[in-house]
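Nothing here was measured: the structure is a model prediction, and the numbers come from that model.
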Amino acid sequence: MKKRLLAVMMCVAMTVVMAAGCGSKKEAETTETNEITEENVKDSMKGVKIKVGTSGLFGPFSYYDEDGKTLIGYDLDLIAKLQEILGFEIDGGVQAMDYSALTTSLAESKLDMGAAALCATDERKEVMNFSDIYCDAGQVVMVNADDDKGITGVDDLAGKTVAVEKGTASHTYASKNLGDAILEVHDTITTAYESLEQGKVDAVLQDGPGAAFYIKTTEGTKLKVVGDEFNQGQSPYCVAISKECKYYDNINAALKILLDDGTTDELYNSNFPHR
(Lines give C-alpha, C1' and ligand atoms only; values in the text may rest on other atoms or scores of the structure.)
Protein backbone atom coordinates (compact mmCIF):
# COMPACT_ATOMS: atom_id res chain seq x y z
CA MET A 1 0.00 0.00 0.00
CA LYS A 2 2.83 2.36 0.92
CA LYS A 3 4.57 1.60 -2.38
CA ARG A 4 1.39 2.36 -4.34
CA LEU A 5 0.91 5.64 -2.45
CA LEU A 6 4.53 6.63 -3.09
CA ALA A 7 4.15 5.88 -6.81
CA VAL A 8 1.03 8.04 -7.03
CA MET A 9 2.75 10.92 -5.22
CA MET A 10 5.74 10.73 -7.58
CA CYS A 11 3.43 10.79 -10.58
CA VAL A 12 1.65 13.90 -9.25
CA ALA A 13 4.98 15.62 -8.60
CA MET A 14 6.16 14.94 -12.15
CA THR A 15 2.90 16.32 -13.54
CA VAL A 16 3.35 19.55 -11.55
CA VAL A 17 6.92 19.98 -12.80
CA MET A 18 5.87 19.41 -16.42
CA ALA A 19 3.14 22.03 -16.06
CA ALA A 20 5.55 24.71 -14.82
CA GLY A 21 6.91 27.44 -17.05
CA CYS A 22 5.47 30.03 -19.39
CA GLY A 23 1.70 29.49 -19.78
CA SER A 24 -0.66 26.78 -18.58
CA LYS A 25 -0.08 23.02 -18.96
CA LYS A 26 -2.76 22.60 -21.62
CA GLU A 27 -1.44 25.52 -23.66
CA ALA A 28 2.13 24.33 -23.33
CA GLU A 29 1.24 20.82 -24.56
CA THR A 30 -0.53 22.31 -27.56
CA THR A 31 2.53 24.37 -28.43
CA GLU A 32 4.88 21.42 -28.07
CA THR A 33 2.86 18.94 -30.13
CA ASN A 34 1.89 21.22 -33.01
CA GLU A 35 4.58 22.78 -35.16
CA ILE A 36 4.21 26.54 -35.18
CA THR A 37 4.56 28.25 -38.55
CA GLU A 38 3.73 31.66 -39.99
CA GLU A 39 0.53 30.09 -41.36
CA ASN A 40 -0.89 28.88 -38.04
CA VAL A 41 0.69 31.25 -35.52
CA LYS A 42 -2.27 33.68 -35.45
CA ASP A 43 -3.86 33.71 -31.95
CA SER A 44 -1.68 30.74 -30.94
CA MET A 45 -1.06 32.36 -27.54
CA LYS A 46 -4.60 33.56 -26.94
CA GLY A 47 -5.38 33.44 -23.22
CA VAL A 48 -1.70 33.10 -22.26
CA LYS A 49 -0.20 35.62 -19.83
CA ILE A 50 3.51 36.39 -20.06
CA LYS A 51 5.83 38.77 -18.24
CA VAL A 52 7.48 41.27 -20.58
CA GLY A 53 10.36 43.66 -19.89
CA THR A 54 12.10 46.59 -21.57
CA SER A 55 14.54 49.33 -20.56
CA GLY A 56 12.76 52.67 -21.00
CA LEU A 57 16.18 54.32 -21.29
CA PHE A 58 17.22 53.77 -24.89
CA GLY A 59 15.42 55.98 -27.39
CA PRO A 60 14.19 55.53 -30.02
CA PHE A 61 13.72 51.86 -29.11
CA SER A 62 12.37 52.17 -25.59
CA TYR A 63 11.89 55.43 -23.69
CA TYR A 64 9.35 57.55 -21.86
CA ASP A 65 6.99 60.00 -23.51
CA GLU A 66 6.91 63.65 -22.41
CA ASP A 67 4.62 62.74 -19.51
CA GLY A 68 7.48 60.73 -17.99
CA LYS A 69 5.17 57.75 -17.46
CA THR A 70 4.20 56.29 -20.83
CA LEU A 71 6.66 53.91 -22.46
CA ILE A 72 7.01 54.48 -26.20
CA GLY A 73 9.40 53.65 -29.03
CA TYR A 74 10.23 51.01 -31.60
CA ASP A 75 10.33 48.11 -29.15
CA LEU A 76 7.02 49.03 -27.53
CA ASP A 77 5.43 49.17 -30.99
CA LEU A 78 7.05 45.81 -31.80
CA ILE A 79 5.65 44.22 -28.63
CA ALA A 80 2.18 45.51 -29.54
CA LYS A 81 2.45 44.05 -33.06
CA LEU A 82 3.54 40.66 -31.67
CA GLN A 83 0.62 40.80 -29.25
CA GLU A 84 -1.80 41.50 -32.13
CA ILE A 85 -0.64 38.39 -33.97
CA LEU A 86 -0.23 36.01 -31.04
CA GLY A 87 -3.06 37.16 -28.76
CA PHE A 88 -1.13 36.93 -25.49
CA GLU A 89 -1.75 39.11 -22.44
CA ILE A 90 1.01 41.01 -20.65
CA ASP A 91 1.07 40.18 -16.97
CA GLY A 92 1.18 43.46 -15.04
CA GLY A 93 2.08 45.56 -18.09
CA VAL A 94 5.50 45.98 -19.68
CA GLN A 95 8.11 46.31 -16.93
CA ALA A 96 10.90 48.88 -17.36
CA MET A 97 14.33 48.32 -15.79
CA ASP A 98 17.99 48.98 -16.53
CA TYR A 99 19.84 46.60 -18.84
CA SER A 100 21.65 44.73 -16.09
CA ALA A 101 18.41 43.96 -14.24
CA LEU A 102 16.61 43.17 -17.50
CA THR A 103 19.15 40.58 -18.65
CA THR A 104 19.33 39.06 -15.17
CA SER A 105 15.52 38.77 -15.00
CA LEU A 106 15.46 37.01 -18.38
CA ALA A 107 18.32 34.70 -17.41
CA GLU A 108 16.54 33.76 -14.18
CA SER A 109 13.15 33.41 -15.97
CA LYS A 110 11.58 36.15 -13.90
CA LEU A 111 10.56 37.58 -17.28
CA ASP A 112 9.31 35.54 -20.24
CA MET A 113 10.21 38.02 -22.96
CA GLY A 114 12.30 41.16 -23.33
CA ALA A 115 12.44 43.76 -26.11
CA ALA A 116 14.90 46.59 -25.54
CA ALA A 117 17.38 46.68 -28.42
CA LEU A 118 18.93 43.65 -26.76
CA CYS A 119 22.03 42.33 -28.52
CA ALA A 120 22.25 38.59 -29.01
CA THR A 121 25.76 38.18 -27.62
CA ASP A 122 27.40 34.78 -27.13
CA GLU A 123 27.36 35.31 -23.37
CA ARG A 124 23.62 36.03 -23.33
CA LYS A 125 22.83 33.08 -25.59
CA GLU A 126 24.06 30.80 -22.82
CA VAL A 127 21.32 31.95 -20.45
CA MET A 128 18.45 33.03 -22.72
CA ASN A 129 17.07 32.43 -26.21
CA PHE A 130 16.88 34.98 -29.00
CA SER A 131 14.56 35.54 -31.95
CA ASP A 132 15.69 36.31 -35.46
CA ILE A 133 17.39 39.70 -35.86
CA TYR A 134 15.02 42.64 -36.34
CA CYS A 135 17.64 45.40 -36.43
CA ASP A 136 21.44 45.57 -36.55
CA ALA A 137 23.76 48.34 -35.41
CA GLY A 138 27.39 49.09 -34.73
CA GLN A 139 28.90 51.19 -31.95
CA VAL A 140 30.07 54.80 -32.22
CA VAL A 141 32.26 57.14 -30.19
CA MET A 142 30.61 60.25 -28.76
CA VAL A 143 32.62 63.25 -27.54
CA ASN A 144 31.93 66.71 -26.16
CA ALA A 145 32.19 69.22 -29.01
CA ASP A 146 33.56 71.87 -26.63
CA ASP A 147 36.61 69.71 -25.91
CA ASP A 148 36.94 66.55 -27.98
CA LYS A 149 40.42 65.79 -26.53
CA GLY A 150 41.65 65.09 -30.04
CA ILE A 151 39.46 61.99 -30.31
CA THR A 152 38.50 61.24 -33.91
CA GLY A 153 37.40 57.62 -33.49
CA VAL A 154 37.72 54.44 -31.49
CA ASP A 155 41.46 54.18 -32.15
CA ASP A 156 42.09 57.35 -30.14
CA LEU A 157 40.70 56.13 -26.80
CA ALA A 158 43.90 54.80 -25.22
CA GLY A 159 44.45 56.56 -21.91
CA LYS A 160 41.06 58.29 -22.14
CA THR A 161 38.15 57.95 -19.69
CA VAL A 162 35.30 56.26 -21.52
CA ALA A 163 31.74 55.92 -20.17
CA VAL A 164 29.58 52.93 -21.06
CA GLU A 165 26.27 51.57 -19.87
CA LYS A 166 26.50 48.42 -17.78
CA GLY A 167 25.51 45.20 -19.50
CA THR A 168 25.36 46.62 -23.05
CA ALA A 169 27.23 45.63 -26.22
CA SER A 170 29.33 48.78 -25.79
CA HIS A 171 30.33 47.66 -22.29
CA THR A 172 31.30 44.23 -23.64
CA TYR A 173 33.30 45.73 -26.51
CA ALA A 174 35.14 48.18 -24.27
CA SER A 175 35.97 45.49 -21.69
CA LYS A 176 37.48 43.25 -24.37
CA ASN A 177 39.14 45.78 -26.65
CA LEU A 178 39.94 48.99 -24.76
CA GLY A 179 42.39 47.74 -22.17
CA ASP A 180 44.37 51.00 -22.37
CA ALA A 181 41.31 53.14 -21.63
CA ILE A 182 39.82 53.97 -18.25
CA LEU A 183 36.27 52.59 -18.19
CA GLU A 184 33.54 54.31 -16.24
CA VAL A 185 30.56 51.97 -16.04
CA HIS A 186 27.12 53.54 -15.55
CA ASP A 187 23.86 51.87 -14.57
CA THR A 188 22.04 53.89 -17.24
CA ILE A 189 23.08 55.54 -20.49
CA THR A 190 21.46 58.75 -19.24
CA THR A 191 24.11 59.31 -16.58
CA ALA A 192 26.84 58.42 -19.08
CA TYR A 193 25.56 61.16 -21.39
CA GLU A 194 25.40 63.60 -18.48
CA SER A 195 29.00 62.88 -17.52
CA LEU A 196 30.14 63.64 -21.07
CA GLU A 197 27.98 66.78 -21.29
CA GLN A 198 29.66 68.00 -18.08
CA GLY A 199 33.16 67.07 -19.26
CA LYS A 200 33.67 64.49 -16.51
CA VAL A 201 34.60 61.79 -19.06
CA ASP A 202 36.33 62.00 -22.41
CA ALA A 203 33.98 59.85 -24.49
CA VAL A 204 30.92 57.63 -24.47
CA LEU A 205 30.53 54.40 -26.41
CA GLN A 206 26.97 53.85 -27.63
CA ASP A 207 25.04 52.04 -30.34
CA GLY A 208 24.75 54.19 -33.48
CA PRO A 209 20.95 54.56 -33.48
CA GLY A 210 20.84 55.49 -29.80
CA ALA A 211 23.58 58.08 -30.18
CA ALA A 212 21.90 59.67 -33.21
CA PHE A 213 18.55 59.78 -31.43
CA TYR A 214 20.02 61.46 -28.35
CA ILE A 215 21.77 64.14 -30.40
CA LYS A 216 18.68 64.74 -32.55
CA THR A 217 16.25 65.07 -29.65
CA THR A 218 18.32 66.73 -26.89
CA GLU A 219 18.10 70.50 -27.10
CA GLY A 220 21.39 72.27 -26.44
CA THR A 221 23.47 69.09 -26.35
CA LYS A 222 27.23 69.43 -26.70
CA LEU A 223 27.69 65.86 -27.82
CA LYS A 224 28.64 64.70 -31.29
CA VAL A 225 29.65 61.44 -32.95
CA VAL A 226 33.19 61.12 -34.32
CA GLY A 227 34.53 58.50 -36.69
CA ASP A 228 32.63 55.64 -38.30
CA GLU A 229 30.52 52.92 -36.76
CA PHE A 230 32.62 49.98 -35.62
CA ASN A 231 31.96 46.50 -34.29
CA GLN A 232 29.30 46.21 -36.99
CA GLY A 233 27.45 42.93 -37.20
CA GLN A 234 28.15 42.32 -33.51
CA SER A 235 25.12 44.17 -32.17
CA PRO A 236 22.12 42.34 -33.63
CA TYR A 237 18.92 43.41 -31.87
CA CYS A 238 16.62 40.49 -31.13
CA VAL A 239 13.66 39.68 -28.93
CA ALA A 240 14.93 37.76 -25.89
CA ILE A 241 12.92 34.81 -24.59
CA SER A 242 13.50 33.00 -21.30
CA LYS A 243 14.80 29.46 -21.71
CA GLU A 244 11.89 28.26 -19.55
CA CYS A 245 9.26 29.91 -21.76
CA LYS A 246 7.62 27.38 -24.08
CA TYR A 247 6.59 29.94 -26.69
CA TYR A 248 9.83 30.66 -28.49
CA ASP A 249 8.55 29.24 -31.79
CA ASN A 250 5.36 31.28 -31.55
CA ILE A 251 7.17 34.55 -30.88
CA ASN A 252 9.76 33.97 -33.59
CA ALA A 253 7.17 32.95 -36.19
CA ALA A 254 5.19 36.13 -35.45
CA LEU A 255 8.35 38.21 -35.75
CA LYS A 256 9.09 36.64 -39.14
CA ILE A 257 5.68 37.80 -40.34
CA LEU A 258 6.54 41.36 -39.29
CA LEU A 259 9.90 41.12 -41.05
CA ASP A 260 8.43 39.64 -44.23
CA ASP A 261 5.54 42.07 -44.61
CA GLY A 262 7.66 45.18 -44.04
CA THR A 263 6.19 46.08 -40.65
CA THR A 264 9.62 46.25 -38.97
CA ASP A 265 10.80 48.68 -41.66
CA GLU A 266 7.73 50.83 -41.08
CA LEU A 267 8.41 50.85 -37.33
CA TYR A 268 12.01 51.85 -37.97
CA ASN A 269 11.04 54.73 -40.23
CA SER A 270 8.39 56.02 -37.85
CA ASN A 271 10.63 55.92 -34.77
CA PHE A 272 13.96 57.15 -36.14
CA PRO A 273 13.87 60.93 -36.66
CA HIS A 274 17.46 60.93 -37.99
CA ARG A 275 16.75 58.65 -40.95
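Residues V239 and L78 have side chains in contact (heavy-atom distance under 4.5 Å, counting atoms from C-beta outward). Under the 4.5 Å side-chain criterion, counting only non-hydrogen atoms from C-beta, L111 is in contact with M97. The side-chain heavy atoms of V226 and D148, taken from C-beta on, include no pair separated by under 4.5 Å. In this structure, F230 and Y173 have side chains that are in contact, with non-hydrogen atoms separated by less than 4.5 Å. Residues L157 and V141 are in side-chain contact: their nearest non-hydrogen atoms beyond the backbone lie under 4.5 Å apart. In this structure the side chain of K224 never reaches within 4.5 angstrom of the side chain of M142, judged on heavy atoms. Taking the side chain as every heavy atom from C-beta outward, K42 and N40 never approach each other to under 4.5 Å. Between Y247 and D112 the shortest side-chain heavy-atom distance does not fall below 4.5 Å.
Separation of atoms CE (M113) and CD (Q83) is listed at 8.0 Å; rounding is to 0.5 Å. A distance of 9.0 Å separates CE of M128 from NZ of K243, quoted to the nearest 0.5 Å. Between the CD1 atom of I79 and the CG atom of L86 there is a distance of 12.0 Å, given to the nearest 0.5 Å. Separating the SG atom in C119 from the CZ atom in F130 is a distance of 8.5 Å, to the nearest 0.5 Å. The CG atom of L118 sits 8.0 Å away from the OG atom of S55 when rounded to the nearest 0.5 Å. Atom CD of E165 sits about 8.5 Å away from atom CG of D187, to the nearest 0.5 Å.
Side chains of E197 and N144: no donor on one and acceptor on the other come within 3.5 Å. D207 and Y237 are linked by a side-chain donor-acceptor pair at a separation below 3.5 angstrom, with hydrogens and angles left out of the test. T172 and E123 form no side-chain donor-acceptor contact under 3.5 Å, judged by distance and modelled atom types alone. Residues E244 and S242 bring no donor and acceptor atom of their side chains to less than 3.5 Å of each other. Looking at Y214 and Q206, their side chains never bring a donor and an acceptor atom within 3.5 Å of each other.
Centroid-to-centroid, the aromatic rings of Y74 and Y134 come within less than 6.0 Å.
Annotation for E66: atom CD does not count as buried by contact number, only 12 or fewer foreign heavy atoms lying within 6.0 Å.
In the hydrophobic cluster analysis, where Ile, Leu, Val, Met, Phe, Trp and Tyr join through side-chain heavy atoms closer than 4.5 angstrom, I241 is grouped apart from I133. Hydrophobic clustering (ILVMFWY, side-chain heavy atoms < 4.5 Å, transitive): V225 and L205 are in distinct clusters. V127 and V52 fall within a single hydrophobic cluster, where Ile, Leu, Val, Met, Phe, Trp and Tyr side chains are chained together by heavy-atom contacts under 4.5 Å. If you chain together hydrophobic residues whose side chains sit under 4.5 Å apart, I257 and L259 fall into the same group. A continuous path of Ile, Leu, Val, Met, Phe, Trp and Tyr side chains, each step under 4.5 Å between heavy atoms, connects Y64 with I90, placing both in one hydrophobic cluster.
For the side-chain hydrogen bond (donor to acceptor under 3.5 Å, both in side chains) with D77, the lone residue among T264, N271, T263 that qualifies is N271. Put simply, the residue from V164, T168, T191, D98 that forms a side-chain contact (heavy atoms from CB on, under 4.5 Å) with H186 is T191.
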Tell me, with the steps shown, if F213 and Y63 meet side-chain contact (heavy atoms from CB on, under 4.5 Å). CA-CA 11 Å; F213 181 82; Y63 62 108; 3.6 Å; yes
